[in-house]
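A short worksheet on the structure shown next.
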2 protein chains.
Amino acid sequence: MTATTDQDAALRIAAGRKPFVEPLRLGERLKEIRLAHQWTLEDVSRRTGLARSTLSKIENDQISPTFTAVQKLINGLGIDLPQLLSPPRVQPRTMGRRDLTRRGEGQRHPTPTYEHELLSCELAQKRMIPFKTIVRARAFDEFSEWVRHDGEEFLMVLDGEILLFTEYYEPLALASGDSIYFDSAMGHALVSVSDDDAVVLSVCTRGESST
Amino acid sequence: MTATTDQDAALRIAAGRKPFVEPLRLGERLKEIRLAHQWTLEDVSRRTGLARSTLSKIENDQISPTFTAVQKLINGLGIDLPQLLSPPRVQPRTMGRRDLTRRGEGQRHPTPTYEHELLSCELAQKRMIPFKTIVRARAFDEFSEWVRHDGEEFLMVLDGEILLFTEYYEPLALASGDSIYFDSAMGHALVSVSDDDAVVLSVCTRGESST
DNA sequence: ATGCGCTGTTCACTATAGGAAACGAGGTTT
DNA sequence: AAACCTCGTTTCCTATAGTGAACAGCGCAT
């Protein structure tokens, strides 16, 4: 098992189980949009080039539109695909969630090189993944491969001193209190150089396009 | 041959002509993904439930997949739709940026209640905003109003002890090493309760909708 | 070489999406 | 009320997406 896989796994666990396939009430959504603009089927037909009947069937889930049809829709209606697919244009989820993690109470994920402690893992659907890591690795060659994942990462050294190896830069020494922000698609790896294992706090961005 | 039908047809032809819409090289993109994972058509077939032949045709733009087919794809491949549709834009900017901030070298922004130190402020276009804050406020009533901004916020106490006031919850005591994740649209405010001013590290998400 | 196993493509057929026109339900005009 | 409009739905029919099987190409083993 490679370091990459380890961290990927941790991130994936943090990301939580996939909600599998949602029904994706496309027809319903289309009708919402149409009525919101007070358009008739004929209006939409003129805008999109799709037949009135076709639109009716799509709205009532009697057919599954072709991808070209979907394109005509998003194009003709002047909306983009996410808009068409996110039926519950809900704000509610943005308000008032909270997730406390007391010192040392995160969810631990040990690997040969790192010991991760996932923070705030009660909350699903969040846009950042924070975790504290004890860096056990002492030499770069303990990594079989670059650690690498989509998105961006912010990192602050809480304790000890580390060397940050990155794919495109010289190794960088970071002491307690130093912080760095980088694209995490660039290969990276941490090594402790202080007497005790170093501790860092990381925050990764979630893969985008969350609906 | 009624005038209505003629006009309808004319409009539909005009709309149906596809001059500008179709930058979506879906087949190409699918092939990219498949090869990136070193999957064979048969593998993808098993994952998605679509026939090998169908997949081949989709990859070669010989057919326009049904929306249900697209769903099977994104579902079976474990990707989401934006991923499937956005081949070109993601790659360029994601690779290799880096921004180091040594301890205490951030950009300071003092306010009556807080003393912020912005970290990694060299980098534009990043998805998280990290900053270290010295909490000067000693009582809740030093705030004239809730602090409130779009997005989400992660916060870890680095030093001292604070009280986190939030709009929808009771005040929460946080000691060094405790962390919390919350929707920052919910009003919030920090107060130091330790002898020295407390220090916290915060990371906020950037507003979305970059498009 | 011959045969085997695997790849991706192509064929022939079935299932279904898309379009034109007919239909039925309100609403407005006369 | 009948004669319309205009709306959305439904009914054919044709165009095409989706499938399984056959095919051609390639590496590998015998």
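Each chain gets a letter, A, B and so on, in the order the sequences are listed, and its residues count up from 1.
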- Note on the structure: Distance col, row B:Thr133:OG1 vs B:His109:NE2, nearest 0.5 angstrom, shows 11.0 Å
- Message: Need to verify one output field. Residue with the more 5' nearest nucleotide on DNA chain C, B:Thr68 or B:Arg34?
- Response: B:Arg34
- Task: Flag the pair B:Phe182 / B:His188 as yes when their ring centroid distance falls below 6.0 Å, and as no otherwise.
- Result: yes
- Query: What pairs with B:Glu105 under salt bridge (charged side-chain N to carboxylate O under 4.0 Å, His left out), at least two apart in sequence or on another chain?
  - Reply: none
- Where does the angle between the aromatic ring planes of B:Phe140 and B:Trp146 fall among parallel (under 30°), tilted (30 to 60°) and perpendicular (over 60°)? tilted
- Take the protein atom CG of A:Asp43 and the nucleotide atom C1' of D:dG8, then report the distance between them rounded to whole Å. 13 Å
- Task: Evaluate the side chain to side chain donor-acceptor pair (under 3.5 Å) criterion for residues B:Glu152 and B:Tyr181: first the C-alpha distance (whole Å), next the side-chain angles of each, then the deciding distance (0.1 Å), finally the verdict.
- Result: CA-CA 7 Å; B:Glu152 304 168 10; B:Tyr181 196 111; 2.5 Å; yes
- Task: For A:Asp99, check salt bridge (charged side-chain N to carboxylate O under 4.0 Å, His left out) against everything at least two apart and list the hits.
- Result: none
- Item | N-O pairing of B:Glu32 and B:Arg29 below 4.0 Å | yes
- Compare side-chain N and O positions of B:Thr66 against OP1 and OP2 of D:dA17 and report whether any pair is under 4.0 Å apart. no
- Message: If the condition is side-chain contact (heavy atoms from CB on, under 4.5 Å), which residues does B:Thr111 pass it with, not counting sequence neighbours?
- Response: B:Thr113, B:Tyr114, B:His116
- Query: For B:Lys31 and C:dT7, what is the distance between atoms NZ and P respectively, to the nearest whole Å?
  - Reply: 14 Å
- Value in whole Å for how far the P atom of C:dA21 lies from CG of A:Leu41: 18 Å
- Message: If you assign B:Asn60 and A:Ser64 each to the DNA chain C nucleotide with the nearest heavy atom, which residue ends up on the more 5' nucleotide?
- Response: B:Asn60
Which side-chain N or O atoms in residues 48-57 of chain B pair as donor and acceptor under 3.5 Å with protein atoms at least two apart or in another chain?
{"from": "B:Thr48", "atom 1": "OG1", "to": "B:Val44", "atom 2": "O", "distance (Å)": "2.7"}
{"from": "B:Thr48", "atom 1": "OG1", "to": "B:Leu50", "atom 2": "N", "distance (Å)": "3.2"}
{"from": "B:Arg52", "atom 1": "NH1", "to": "B:Glu42", "atom 2": "OE1", "distance (Å)": "3.3"}

- Query: Which is true for A:Gln62 with a 4.0 Å heavy-atom rule: it touches a base, it touches only sugar-phosphate, or it touches nothing?
  - Reply: sugar-phosphate
- Rounding to the nearest 10°, end axes of the helix from C:dA1-D:dT30 to C:dC23-D:dG8 built from five pairs each make an angle of 20°
- Within residues 49-58 of chain B, the residues having a heavy atom closer than 4.0 Å to DNA chain D are B:Gly49, B:Leu50, B:Ala51, B:Arg52, B:Ser53, B:Thr54, B:Lys57
- Message: Rounding to an integer number of Å, can you tell me how far B:Ile63 CD1 sits from C:dC11 C1'?
- Response: 14 Å
